There are 2 protein chains.
Amino acid sequence: MKNLLDIYSRKKKDVAAIERELEESVYSDHTMLRETSLHLLKAGGKRIRPVFVLLSGEFGAYKLETMKHIAIPLELIHMATLVHDDVIDDAHTRRGQLTVRSKWDNRVAMYTGDYILAKALGVVTKIANPTVHQIMSKAMVEMCIGEMEQIRFFFNSEQTVRDYLLRIKRKTALLIAISCQLGAMASEAPDWISSKLYTFGYNVGMTFQIRDDILDLCGTEKQIGKPPGSDIKQGNITLPVLFALQDPALKPALLQELARIQQHDGQTDISRFLDMIRSSGGVERASALSQKYIQRAISALEGLPDIRAKKDLVEIAYFIGNRSY
Amino acid sequence: MKNLLDIYSRKKKDVAAIERELEESVYSDHTMLRETSLHLLKAGGKRIRPVFVLLSGEFGAYKLETMKHIAIPLELIHMATLVHDDVIDDAHTRRGQLTVRSKWDNRVAMYTGDYILAKALGVVTKIANPTVHQIMSKAMVEMCIGEMEQIRFFFNSEQTVRDYLLRIKRKTALLIAISCQLGAMASEAPDWISSKLYTFGYNVGMTFQIRDDILDLCGTEKQIGKPPGSDIKQGNITLPVLFALQDPALKPALLQELARIQQHDGQTDISRFLDMIRSSGGVERASALSQKYIQRAISALEGLPDIRAKKDLVEIAYFIGNRSY
């Protein structure tokens with residue numbers, strides 16, 4: 001299994017150029033905003049959205065300049081949602097680093113998110129094609145709906161797997177889908193190609209979030225950069241839990257645990273809950289579904305020209321399906 | 001003194017059309033987002049930004065369709081900042097209505113703000129001119145900086161009048177300035193006209209915020225739709241207070257009151273503080289400065305063609321300089 005850096009190595013120079021411009025794009029004469037934004041940037045991240053933009057762009061007339069104007073706003077939108085989510089989640093660490101809300105405060109985190117969003121829009125203005133703008137703003141609307149849905153379903157054990165899947169589609173998969181779609185579109189690849197890449201990105205995004213949700217339940221703090229079980233502490237019932245709840249032998253005890261965690265507003269020991277989920281079949285079933293999405297992602301690439309980027313996309317898809325960090 | 005409705009009456013039909021499209025623009029299939037957004041819209045507001053767009057548009061080739069695509073996103077950006085500010089300010093009422101954060105909760109309010117912002121961007125995509133997009137995104141960046149500055153200066157009695165003025169420029173005046181500028185620009189008025197209108201809007205905006213800050217200290221709950229003194233409770237030191245602090249006879253007692261309010265995190269009786277400010281010369285000096293901005297606003301209109309819109313702008317400027325709600 002290659003790691004992400006190996007897969008990215010061919011695009012190393014272009015990824016580095018985007019990284020530099022990401023920094024420049026959030027630059028501010030305002031000390032605190034500069035610090036909070038750079039803190040977020042430096043905390044890293046996989047830069048999956050920019051890489052998908054770059055690779056998808058190779059299906060058309062690849063120009064780094066054009067790719068930048070797509071990749072940077074998409075990554076900034078992603079960062080803005082992260083910092084707002086941390087406010088909502090009362091998160092203290094992300095990727096092993098203090099969150100903005102924790103290092104500064106909730107108010108600073110909210111305006112940092114707004115600021116990064118505004119900066120993202122500043123970069124988008126460099127793209128002439130109004131379709132690109134429309135696709136981005138629609139995705140942002142859906143992301144907000146996804147976040148609201150997540151809140152609405154907190155501690156709701158009656159929700160269905162379908163509720164969960166629709167939510168993570170909005171919250172995560174759409175932005176990854178349009179990263180692929182817009183990368184191709186901006187480099188003027190034909191529509192059928194950007195449409196296949198959208199489907200690829202959507203399915204990879206679904207896998208990505210399911211893996212994330214599994215890791216939150218099964219990973220170690222070192223692996224995931226935050227204490228495990230953060231999701232359930234805030235009431236976010238994820239796929240492995242939903243599958244575990246389908247086991248009649250387990251359901252009553254799980255519901256009891258869920259009620260107890262909710263009663264304590266997440267401020268309680270959740271090791272018993274985690275043990276129950278880990279030893280249930282829920283994790284395996286969630287893993288199996290995530291593998292199904294990977295297969296669908298790879299199928300979506302069928303028929304695309306056999307360029308190097310296609311091979312890279314397949315490798316990244318497999319990597320994401322098996323990642324443990 | 002005419003009231004705003006009288007001044008608006010000539011544009012009544014177009015204002016009503018914009019009001020309808022504002023509602024349509026935040027429509028969502030998502031029940032909660034639809035409710036929170038409409039709650040915000042229905043709570044009203046003076047719709048000063050849309051009206052300035054419309055009137056400024058009359059200096060060029062006025063087309064309602066074009067004006068809508070400028071007025072709606074500007075009002076939505078304004079609304080998004082209001083709902084985020086309410087989160088920060090722990091505000092319970094605005095314009096006599098419960099705030100979103102109070103009727104729902106902070107998390108809902110934050111995502112409602114993000115959602116309205118995303119919807120604003122969706123409308124902006126209908127404008128082809130990239131300069132318009134750039135002006136809007138730059139203004140949004142400045143607004144975030146203004147909000148951060150406000151937080152940074154909470155309870156800081158060392159700040160200067162200049163700090164205050166720069167902050168309200170960013171927080172309030174800029175968005176009003178670009179409402180005028182973009183209204184003219186979108187209807188293809190010559191640059192010198194949109195530039196004069198920008199200056200007009202900037203100065204009206206400064207007056208607007210100074211009046212707002214005076215009203216927060218001197219108005220009744222009925223007039224201002226929220227308890228007086230909300231600013232100082234959260235630590236926001238406004239112009240009348242800064243002027244009052246310049247009175248050596250008053251300063252020690254005022255500093256003591258400020259320290260006491262800060263110690264209690266704003267959760268204390270502030271009537272003594274309000275009395276001190278009201279009986280100081282600070283309110284009159286702030287009023288005088290706000291009148292100066294009105295004069296500058298009106299001077300900026302000199303040389304513009306003598307159309308009806310010019311007369312209306314002057315009337316609105318005077319109205320804003322004297323408003324008591």
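Here the structure is a predicted model, which is why all the values come from computation and not from measurement. By convention in this document, chain letters (A, B, ...) are assigned in the order of the sequence lines, proteins followed by strands, and residues within each chain are numbered from 1.
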Report summary line: In this structure, CE of B/Met32 is separated from CD1 of A/Ile145 (nearest 0.5 Å) by 12.5 Å
Requested in this report: Taking the side chain as every heavy atom from C-beta outward, state whether B/Tyr111 and A/Asp85 have any pair of such atoms under 4.5 Å apart.
Outcome: yes
Query raised in the report: In Å and rounded to the nearest 0.5 Å, what is the CE to CE distance from A/Met110 to B/Met148?
Result: 10.5 Å
Query raised in the report: Does CD belonging to B/Glu21 count more than 12 external heavy atoms closer than 6.0 Å?
Result: yes
Query - Proximal component of A/Glu149, with respect to chain B [non-hydrogen, under 4.5 Å] - result: both
Report task. Specify the closest pair of heavy atoms between B/Gly122 and A/Ser137, including all atoms of both residues, with the distance to one decimal. Result -> CA-OG, 3.2 Å
Query - Structural part of B/Ile151 lying under 4.5 Å from a heavy atom of chain A - result: side chain
Query raised in the report: Say you draw a straight line from CZ of A/Arg152 to OG1 of B/Thr31; how long is it, rounded to the nearest 0.5 Å?
Result: 6.5 Å
Query raised in the report: Is it the backbone or the side chain of A/Ser28 that comes under 4.5 Å from a heavy atom of chain B, or both, or neither?
Result: side chain
Query - Inter-residue atom distance B/Gln150.CD - A/Arg107.CZ, 0.5 Å rounding - result: 10.0 Å
Requested in this report: Might you confirm whether atom CD of A/Gln262 has over 12 heavy atoms from other residues, nucleotides or ligands at distances under 6.0 Å?
Outcome: yes
Query - Counterpart residues, side-chain contact (heavy atoms from CB on, under 4.5 Å), relative to B/Val83 (two or more places apart) - result: B/Leu40, B/Val100, B/Ala109
Report task. Of all the heavy-atom pairs spanning B/Pro130 and A/Thr125, show the shortest one and how long it is. Result -> CB-O, 4.0 Å
**Report entry** Option that, when pairs with chain A are counted at under 4.5 Å, heavy atom only, ranks first among B/Lys119, B/Glu147, B/Lys138, B/Met143
**Finding:** B/Glu147
Report task. Give me the one residue out of A/Leu121, A/Leu117, A/Asp114 that meets side-chain contact (heavy atoms from CB on, under 4.5 Å) with B/Met140. Result -> A/Leu121
